[in-house]
Amino acid sequence: MSSKLIVGNWKMNGGLAANQVLLDGIKTGLGAMRCRVGVCVPFPYLAQVQLLLANTSVDLGSQDVSAQVSGAYTGEVSAPMLRDFGVRYAIVGHSERRQYHGESDELVALKTKQALAHGITPIVCVGETLAQREAGETEAVVKRQLAAVIHENGHCISEIVLAYEPVWAIGTGRTATPEQAQAVHAVLRAQIKAATAHAERVSILYGGSMNAANAADLLAQADIDGGLIGGASLKAADFLSILQAAHRCAG
Ligand code: PEP
């Protein structure tokens, strides 16, 4: 199995000075960590963070990408523009974008396609709300969300990163138990396997209040290949603790 992948999602946080402090702290503690690492930063800071991450093993990511390549789409940022700043990952379909910006499964699939077409690895987020979980719909919801992305992207699906992020666990401090997360990851793994002969290339991350205290147990699950980290990616010490948990998984 390849090493775990830990990606920070800064959301709409940060500033020129704060970013420098955070990344200096992460770089100082990084050492020879045996895991893959990325940070997904707000668009205005891509240039700054690209420079700060030069000659490190930390990859740069964005938190969204347009479904269009160029033209009259005010406020959008295209995949080729992201490539100009060395962006390796783009989060697509985060629940906050589905919820606050009305992003549909189909739009998420098109954004995934744009990223892939321009050499950016999309981190495709899927996950159920609390109401859907309580109604026993978790499996159906995540399968529907992933099916739209598979439908649009065909055999390229092996080039995505998938993130299972139960909406009720994001930013709430309420984490899925390792068993709950593993059960959904196994469903997603089976769906990917049915769609491509190269399913082993797809890392499936867990996201939702992952922190220093719970990371090791979550990352120990067979189908949890890493984490997408919101709040705990904003403090170097917290993020480094999660990286250390991932590092220890490498044996
Ligand atoms: C996220 O925003 O992707 C996330 C997982 O947030 P948090 O870790 O804060 O729950």
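Given the structure is predicted, the values throughout are model-derived calculations rather than measurements. Counting convention: from 1, in listed order, for ligands and their atoms alike. Below, all heavy atoms of this structure are taken into account, side chains as well, without hydrogens, waters or symmetry copies.
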Hey, what's the ring geometry for Tyr164 with His185, parallel, tilted or perpendicular (30° and 60° as the breaks)? perpendicular
Would you say that more than 12 heavy atoms from the other residues, nucleotides or ligands in this model lie under 6.0 Å from the NZ of Lys235, or not? no
Using side chain to side chain contact (heavy atoms under 4.5 Å, CB included) as the criterion, point out the one residue from Leu52, Val7, Leu53 that pairs with Val39. Leu53
Measure the distances from the heavy atoms of Gly227 to every atom of ligand 1 and state whether one is below 4.0 angstrom. no
Counting only nitrogen or oxygen atoms and a 3.5 angstrom limit, does Ser209 reach ligand 1? yes
Taking only heavy atoms of Gly207 into account, list the atoms of ligand 1 that are under 4.0 Å away from them. 5 (C)
Interatomic distance, NE2@His198 vs CD@Glu200, rounded to 0.5 Å, equals 7.0 Å
Can you confirm, on distance only, whether ligand 1 has an N/O atom lying under 3.5 Å from any N/O atom belonging to Thr172? no
Would you say Ala232 contacts ligand 1, with heavy atoms under 4.0 Å as the rule? no
Gln145-Asp105 side chain donor-acceptor pair, cut-off 3.5 Å: no
Using the rule given for salt bridge (Lys or Arg N to Asp or Glu O under 4.0 Å), can you reason through Asp59 versus Arg36, listing the C-alpha separation, both sets of side-chain angles and the distance that settles it, and then say yes or no? CA-CA 8 Å; Asp59 285 310; Arg36 296 168 288 153; over 6 Å; no
The one among Gly171, Gly173, Gly8 that brings a heavy atom closest to atom 10 (O) of ligand 1: Gly171
Check: Thr175/Asn214 side-chain N/O donor and acceptor closer than 3.5 Å: yes
Does Ile170 reach ligand 1 with a nitrogen or oxygen that is under 3.5 Å from one of the ligand's nitrogen or oxygen atoms? no
Applying a 4.0 Å heavy-atom criterion (strictly less than), which segment of Ala169 is in contact with ligand 1: side chain, backbone, both, or neither? backbone
Nitrogen or oxygen atoms of Gly231 and ligand 1 under 3.5 Å apart: yes
Enumerated ligand 1 atoms positioned under 4.0 Å from heavy atoms of Asn9: 1 (C), 2 (O), 3 (O)
